[in-house]
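Notes follow the structure.
Sequence lines set the chain letters: A, B, ... in the order given, protein chains first and strands last, and positions in each chain run from 1. These values consider heavy atoms only, across backbone and side chains, with no hydrogens, waters or symmetry-generated copies.
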Protein chains: 2
Amino acid sequence: MLDTVDKLIDELVDGGSNFAASLGISRVAGQLYILLFLSEKPLSLDEMMEKLKISKGYVSINIRALERWQAVRKVWVKGSRKDYYEANLDTISIVVNQLEYGLRQRFEGLDLIINRAKGKIGQMKNTQSKEQIQNLEDKIKKAEKMYNRVSGLLGKLDLLKLLK
Amino acid sequence: MLDTVDKLIDELVDGGSNFAASLGISRVAGQLYILLFLSEKPLSLDEMMEKLKISKGYVSINIRALERWQAVRKVWVKGSRKDYYEANLDTISIVVNQLEYGLRQRFEGLDLIINRAKGKIGQMKNTQSKEQIQNLEDKIKKAEKMYNRVSGLLGKLDLLKLLK
DNA sequence: TAGAACGTTTAGAATATATTAAAAGTTCTA
DNA sequence: TAGAACTTTTAATATATTCTAAACGTTCTA
């Protein structure tokens with residue numbers, strides 16, 4: 001009877017971490033985050049490993065990933081030498097930050113590829129068939145247009161504000 | 001000298017498919033799509049397996065995934081019994097459709113979880129400590145708020161239009 | 001109607017990712 | 001400063017994913 005709450009928490013941790021996993025976040029990191037999100041008080045590595053039944057080293061690795069994303073923070077608990085963590089409850093900001101960062105990374109990569117291709121096509125003009133070159137030029141132009149549209153949007157759109 | 005164009009295409013297929021992979025799309029599906037996107041004419045399974053140096057079965061599996069997403073379509077080539085495919089050049093629509101579909105799926109799942117949790121907390125009220133219940137209620141309420149905010153936005157925002 | 005020309009399925013091999021257990025490193029306390 | 005109480009790293013193992021090769025099924029052609 002006493003563990004009814006614990007059971008519900010288990011369920012939520014499970015359900016929510018599936019969601020996290022479907023967003024491409026490590027499943028265990030998702031579980032840890034939700035565990036901390038739901039917890040009344042900060043938790044130590046030992047408590048987390050106990051609740052999720054995973055090894056301490058694995059908790060350590062994942063909690064540091066969460067820290068890097070500012071999804072959790074270490075808190076001081078007087079009288080204890082352990083590290084305690086609590087969740088940053090502003091989940092949306094965390095997710096949006098991650099998304100924005102990821103998108104930016106990817107788009108920078110594309111930029112390089114497209115420009116490199118344009119250069120190469122320029123150099124090729126007299127060595128290849130006219131149709132081939134024309135086709136490639138068209139396609140690259142199309143790709144570039146898409147790139148510009150999306151990255152222009154990304155630059156302006158402060159997703160965070162939309163959601164707050 | 002003749003293969004300069006092929007080399008550039010290889011590069012683009014590689015670069016672009018890394019991008020696709022970073023979006024959670026199968027790497028090979030990404031390669032196939034870009035190959036078809038850049039191609040002057042529709043390609044057969046054999047041509048694709050040859051260009052990407054992968055087995056025919058694997059081309060088959062991935063091309064059908066692309067077909068399901070409406071990213072490529074089968075085209076008729078007279079005089080040949082083979083299946084030929086060409087890319088849907090409206091890449092943004094494809095990506096946005098996929099994103100929207102994926103997000104909707106995930107959000108429906110969350111809805112269930114949150115409502116289930118609310119029900120359970122209701123049933124628990126007299127069997128658990130006041131603080132515990134209060135904490136959980138607060139957290140679930142917070143989660144619900146986020147859910148509503150995001151899903152409301154999703155419902156209204158026609159990403160496609162923004163990008164067109 | 002045999003068999004050639006395809007595309008699809010499948011069982012298993014190769015590769016990559018997630019996870020553990022234990023060793024190593026660090027910091028605090030007596 | 002020894003050693004206890006922690007966290008982090010690492011090497012190995014378990015699990016999941018990607019990919020192939022070959023068998024299979026279908027449709028077309030002669």
Side-chain angles (χ1 to χ4, degrees), chain A residues 10 13-14 16-36 41-69 71-86 102, chain B residues 10 13-14 16-36 41-69 71-86 102:
Chain A
D10 276 2
V13 165
D14 184 51
S17 74
N18 276 330
F19 178 69
S22 80
L23 289 173
I25 295 161
S26 140
R27 169 166 257 102
V28 169
Q31 291 174 329
L32 286 170
Y33 177 77
I34 293 165
L35 192 58
L36 291 171
K41 52 177 191 28
L43 300 178
S44 67
L45 292 195
D46 283 311
E47 287 167 315
M48 292 187 261
M49 89 181 234
E50 165 55 27
K51 300 229 187 205
L52 298 184
K53 309 286 183 208
I54 59 178
S55 74
K56 198 166 185 172
Y58 205 35
V59 174
S60 172
I61 287 168
N62 281 280
I63 205 79
R64 271 181 303 146
L66 287 171
E67 235 181 330
R68 211 177 319 117
W69 306 335
V72 304
R73 67 183 137 269
K74 224 179 262 193
V75 297
W76 184 253
V77 170
K78 67 184 170 187
S80 172
R81 283 164 58 185
K82 297 187 181 183
D83 290 351
Y84 286 81
Y85 291 88
E86 69 179 14
Chain B
D10 276 1
V13 166
D14 184 51
S17 73
N18 276 329
F19 179 69
S22 81
L23 289 174
I25 296 161
S26 139
R27 168 166 260 102
V28 171
Q31 291 174 329
L32 286 170
Y33 177 77
I34 293 167
L35 191 58
L36 290 172
K41 52 176 189 31
L43 300 178
S44 67
L45 292 195
D46 283 313
E47 287 167 314
M48 294 187 259
M49 88 182 235
E50 164 57 26
K51 300 230 186 203
L52 298 184
K53 307 288 182 210
I54 59 178
S55 73
K56 197 167 186 174
Y58 207 34
V59 174
S60 171
I61 287 168
N62 280 281
I63 206 78
R64 272 181 302 148
L66 287 170
E67 234 182 332
R68 210 175 321 118
W69 307 334
V72 305
R73 67 182 138 270
K74 225 178 260 193
V75 295
W76 184 254
V77 170
K78 67 183 170 187
S80 173
R81 282 165 55 185
K82 298 189 182 184
D83 290 351
Y84 286 81
Y85 291 88
E86 71 180 12

Contact class for Lys74(B) (heavy atom, under 4.0 Å): base, sugar-phosphate, or nothing?
nothing
Given dT8(D), is OP1 or OP2 found less than 4.0 Å from the side-chain N or O atoms of Ser60(A)?
yes
d(CE, Met48(A); C1', dC6(D)) in whole Å
13 Å
What is the distance from CZ of Arg68(A) to P of dT8(D), rounded to the nearest Å?
12 Å
Look at the side-chain N and O atoms of Lys56(A) and state whether any lies under 4.0 Å from the OP1 or OP2 oxygen of dA21(C).
no
With respect to the side chain of Arg81(B), which nucleotide from dA5(C), dT8(C), dT27(C) is positioned closest?
dA5(C)
Using a 4.5 Å cut-off on heavy atoms from C-beta on, say whether the side chain of Arg64(A) contacts that of Ile61(A).
yes
Shortest side-chain distance from Ser55(A), nucleotide among dC19(D), dT20(C), dT9(D):
dT20(C)
Closest approach to the side chain of Tyr58(B), judged atom by atom: which nucleotide of dT20(D), dG7(C), dT19(C) is it?
dT20(D)
How close or far is atom C1' of dG7(C) from atom CE of Met49(B), stated in whole angstroms?
12 Å
Expressed in angstrom and rounded to an integer, what is the separation of Tyr84(A) atom OH from dA5(D) atom P?
14 Å
Mind calculating the distance between CD1 (Ile63(B)) and C1' (dT9(C)) to the nearest angstrom?
17 Å
Arg64(A) vs dT9(D): side-chain N/O to OP1/OP2 distance below 4.0 Å
yes
Could you state the NZ-P distance from Lys53(B) to dT18(D), rounded to the nearest angstrom?
23 Å
How many Å lie between CD1 on Ile61(B) and C1' on dT20(D), as a whole number?
10 Å
Closest non-hydrogen atom pair between Ala20(B) and Gly30(B), with its separation:
CB-CA, 4.0 Å
Short side-chain to backbone donor-acceptor contact, Ser44(A) and Glu47(A), under 3.5 Å:
yes
With DNA chain D as reference, determine whether Lys82(A) or Gly57(A) sits nearer its 5' end, using the nearest nucleotide of each.
Lys82(A)
For Leu36(B) and Tyr85(B), work out which heavy atoms get closest and say how close.
CD2-O, 3.3 Å
Rounded to the nearest Å, what distance is computed from the CG atom of residue Leu32(B) to the C1' atom of nucleotide dT18(D)?
14 Å
Within the 4.5 Å heavy-atom criterion, are Asp10(B) and Val13(B) side-chain neighbours or not?
no
